[in-house]
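Labels below follow one simple rule: chain letters A, B, ... track the order of the sequence lines, proteins then strands, and each chain is numbered from 1. Reckoned from all heavy atoms, side chains included, excluding hydrogens, waters and symmetry mates.
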Amino acid sequence: MSERKKDFLRKIVEEDLQKGKYKEVVTRFPPEPNGYPHIGHAKAISVDFGIARDYGGRCHLRMDDTNPETEDPKYVEAIKDAVTWLGFKWDGPVRYTSDYFQQLYDYAVELIKMGKAYVDSIDEETMRELRGTVTEPGRRSEFAKRSVEENLELFERMRKGEFAEGEHVLRAKIDMASPNMKMRDPLLYRIRRTPHYRTGTEWAIYPMYDFAHCLSDYIEGVTHSFCTLEFENNRELYDWILETLKVKPPRPYQYEFARLNLSYTVMSKRKLLELVQKGVVSGWDDPRMPTIAGYRRRGYTPESILTFCEQIGIAKANSVVDVAQLEFCIRDDLNPKVPRVMCVVEPLKVTIENYEGDVEWLDAPYYPHDVPKEGSRKLPFGKYIYINRKDFEENPPKGYHRLTPDQPVRLRYAYIIRCKEVIKNDKGEVVEIIAEYYPNSKSGQDTSGIKVKSAIHWVEANHAKSVELRLYDRLYRVEQPESIDDINPDSLKVVKNALIEPAVINEKPDERYQFEREGYFYADPVDYTDEAPVFNRIVTLKDSWAKKQQKQKPSPKPQKEPAKPQPKGDELPPMDTAQKERFEGYKALGLREEIAVTLARDEALASFFEKAREAGGSVETVAKLVTNEVARELKKEAALSFGPEQIAKLAELLDSGAISTRTAKEVFEAMTQSGEDPETIVEQKGLRQISDPETLRPIIEEIIAQNPQNVAKYKEGNEKLFGFFVGQVMQKTQGKADPKIANRLVKELLKA
RNA sequence: UGGGGUGUCGCCAAGUGGUAAGGCAGCAGGUUUUGGUCCUGCCAUUCGGGGGUUCGAGUCCCUCCACCCCAUCCA
């Protein structure tokens, strides 16, 4: 397990393991085989498989195939491929919810026998009406009154296929008025006459997600069932089913985390499907698609996607991760791994006038000085070469480091050249450069003494191979694309005749390369042939020059909207008469307004306060304890383990100066746990306040002696450190130091 | 609107009453035969807003605001 800060799911797992709730952690990745997995699934895979791996547990791969209308074996293959490609191994065989249909059916029968499920026979529309809305309760269908026997018989006949689709459904009998819509007698089974891709026509009924999922988890011995946020409402049902069936423990629990969203990307199955169907992309594995197959074909490595998933973390806030983070991960992964070669994307011919004789073969390493890998190739150099069109400028902008009529440049691994003449066509476009090279400037043995601003890449004309380049860019032009209108029209540029050095084709040292100064490229696994090589651009290199150029131009930066003024929030809804009466009473008692309001508005709080007040302690202290501490406990569902008298006693302890406010919180905490009297807790734990400066002084001196840097920083004016020192004193005294005295002393001693 | 969630830097994200982690992006310098990499430095007096409790609050209390999810016989 790495040192990385643990996410909240791992904390839960760790705690459960520690408490002995489970002997071993079992998770599952449960996709429905109705579409191609995308990078959002990669995150889920990384969570499900990663957590199991980190805690020595197992992760199952389960096809959640309860809807015969949308599922297909080709998707199960795609899912298996994706998991395997990412480097994970599922425990045991691939599992299928459809394997549990019989067990699930038996559970349903059990529910019916318990009177907790019934066959409903109303039509869909009526059912919707009866369900009510989020604000209005629903009403139970008249069929809910059916006897257990009738339900059993009907359900059996449903299974046998004696009814048409929609004629009957099986529903749980829970609560039609539940504020959670998922609990309003949810469907458990529906009739479907479509053959299932695995069970064929064996079943005429199919379980719904909520019924099948929790039980499948249970059947498999899953301990932690991780899913995305939109299932939070379903958790209550998940628990209800397992609890109602009284399954033998241990049983699984569901936890939710936020799904992945990426900027400049769509993730929904529907929108992805639309891209494919409308031919916006070439298929599910189009390198611009956020599918695993797409990234894979683009040339992304599994490692890069996994580190990405680790980097973005696991939390519960809906968020959109910047696609730049993913791009960083692939660059970072490839940089130390892949060979550098030269490829000219937009060739511009250069004739080196003073170069005589045949082609010369130079030695060129495949890896730069900072990559500790061995390997090199022979690189032809001759009179005729090509450079990239963008590496020559007749009228260069300021800061341009490449070839110009007055600026020489180094040809990487070769010689320095100088421009002698620019040849143009009738349209005025540069078509060729006549140059001159310096024979004594050969790379590695340069004695010319010429200083150049940069080195550019090039290829020798007669040995270069023509290749096809597919330059991919973001599929969408807006950060949060909505529709197909947001497509980036330049997401793919095909360059038919780029020129590449021969070793890449002849030697094939790798399948991924860095084309120097151009980007990372991948030999397309589908279309590449020796006769017609095709490379996909995985990602560009970072380009600080281009960035600088762009900033020169007046970029119409989208103005950030000015912070919307928030209502002051100091106006509360009006109090009713009872509240008002209490409020006035409390104010008369001398309580400050804010506290009086809080107390007055909450009846439970108010009655607790009044009882405590009668039992003792100063009104003010009691009121503060009740508003700030008791309020928290009252919010919890569990009954209070302490009464008003104890709060009164706590207040007295505080009033008399026997304990500090900090200690009071600790005592209160102990009271909520044990329900003991505050005095008992104070005595048992020895929590009486230390107010004697002479007891505190040596402690503070020690702290000061132990933290010379912080003392220095404090003296330099870092006032925040003051809190640090007081904190140390409080910690060393287990919170018993009188903070006011500690403060005074710290200030005093720090000055010395 | 009833219920369930979430708000910490431009984007992610730690943080559980005691000096606001880290990554990406950005900025500035250095190294460099890739305008890449690498290195160094900078980048939240403040945690959605307002109050309160406390010696001390991103963390506790009250309250307001914003956003997401739930009314498929989908998962």
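- Under 4.0 Å is where a charged nitrogen must lie from a carboxylate oxygen, and between A:Arg537 and A:Glu518 no such pair does.
- For the pair A:Leu237 CG and B:A75 C1', the interatomic distance rounds to 14 Å; values are reported in whole Å.
- For A:Lys5, no side-chain nitrogen or oxygen approaches OP1 or OP2 of B:A21 to under 4.0 Å.
- For B:G3, the base has no donor-acceptor partner in the side chain of A:Arg184 [N/O atoms by modelled type, under 3.5 angstrom].
- A:Lys720 comes within contact range of at least one nucleobase, with a heavy-atom separation under 4.0 Å.
- Donor-acceptor pairing under 3.5 Å, judged by distance alone, is absent between the side chain of A:Arg331 and the base of B:G36.
- Using a cut-off of 4.0 Å between Lys/Arg side-chain N and Asp/Glu carboxylate O, A:Arg517 and A:Asp391 are scored as salt-bridged.
- Searching all strands for a Watson-Crick or G-U wobble partner of B:G58 with both distances below 3.5 Å returns nothing.
- With respect to the salt-bridge test (charged N to carboxylate O, under 4.0 angstrom), the residues A:Lys182 and A:Glu236 do not qualify.
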Sort me out a list of protein N/O and nucleotides 40-44 of chain B N/O pairs below 3.5 Å, or just none if empty.
none

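- The side-chain ring of A:His401 is stacked on the base of B:G35, judged by centre separation under 5.5 angstrom and plane angle under 30 degrees.
- Salt-bridge check for A:Lys624 with A:Glu620: passed, with a basic side-chain N closer than 4.0 Å to an acidic carboxylate O.
- The side chain of A:Arg190 contributes an N or O atom lying less than 4.0 Å from OP1 or OP2 of B:A75.
- Computed from coordinates, the A:Lys548 NZ to B:G26 C1' distance equals 14 Å when rounded to whole Å.
- Residues A:Tyr189 and A:Tyr206 place their aromatic rings such that the two centres sit no closer than 6.0 Å.
- Looking at heavy-atom distances under 4.0 Å, A:Gln514 makes contact with a base.
- Per the stacking criterion (ring centres < 5.5 Å, plane angle < 30°), A:Trp545 stacks onto the base of B:G35.
- The nearest whole Å value for the distance from the CD atom in A:Glu518 to the P atom in B:G35 is 11 Å.
- When side chains are defined from C-beta on, A:Leu262 counts as touching A:Met267, because their heavy atoms get closer than 4.5 Å.
- Residue A:Asp322 places no side-chain atom within donor-acceptor reach of the base of B:C11, judged by atom type and a 3.5 Å distance cut-off alone.
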Which atom pairs link the protein and nucleotides 68-72 of chain B when you take only N or O atoms and keep those under 3.5 Å?
| unit_1 | atom_1 | unit_2 | atom_2 | d |
| --- | --- | --- | --- | --- |
| B:C68 | O2' | A:Asn318 | ND2 | 3.0 |
| B:C69 | O2 | A:Asn233 | ND2 | 3.4 |
| B:C70 | O4' | A:Asn233 | ND2 | 3.1 |

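- Phosphate proximity of B:C61 to A:Lys635: present, with a side-chain N or O under 4.0 Å from OP1 or OP2.
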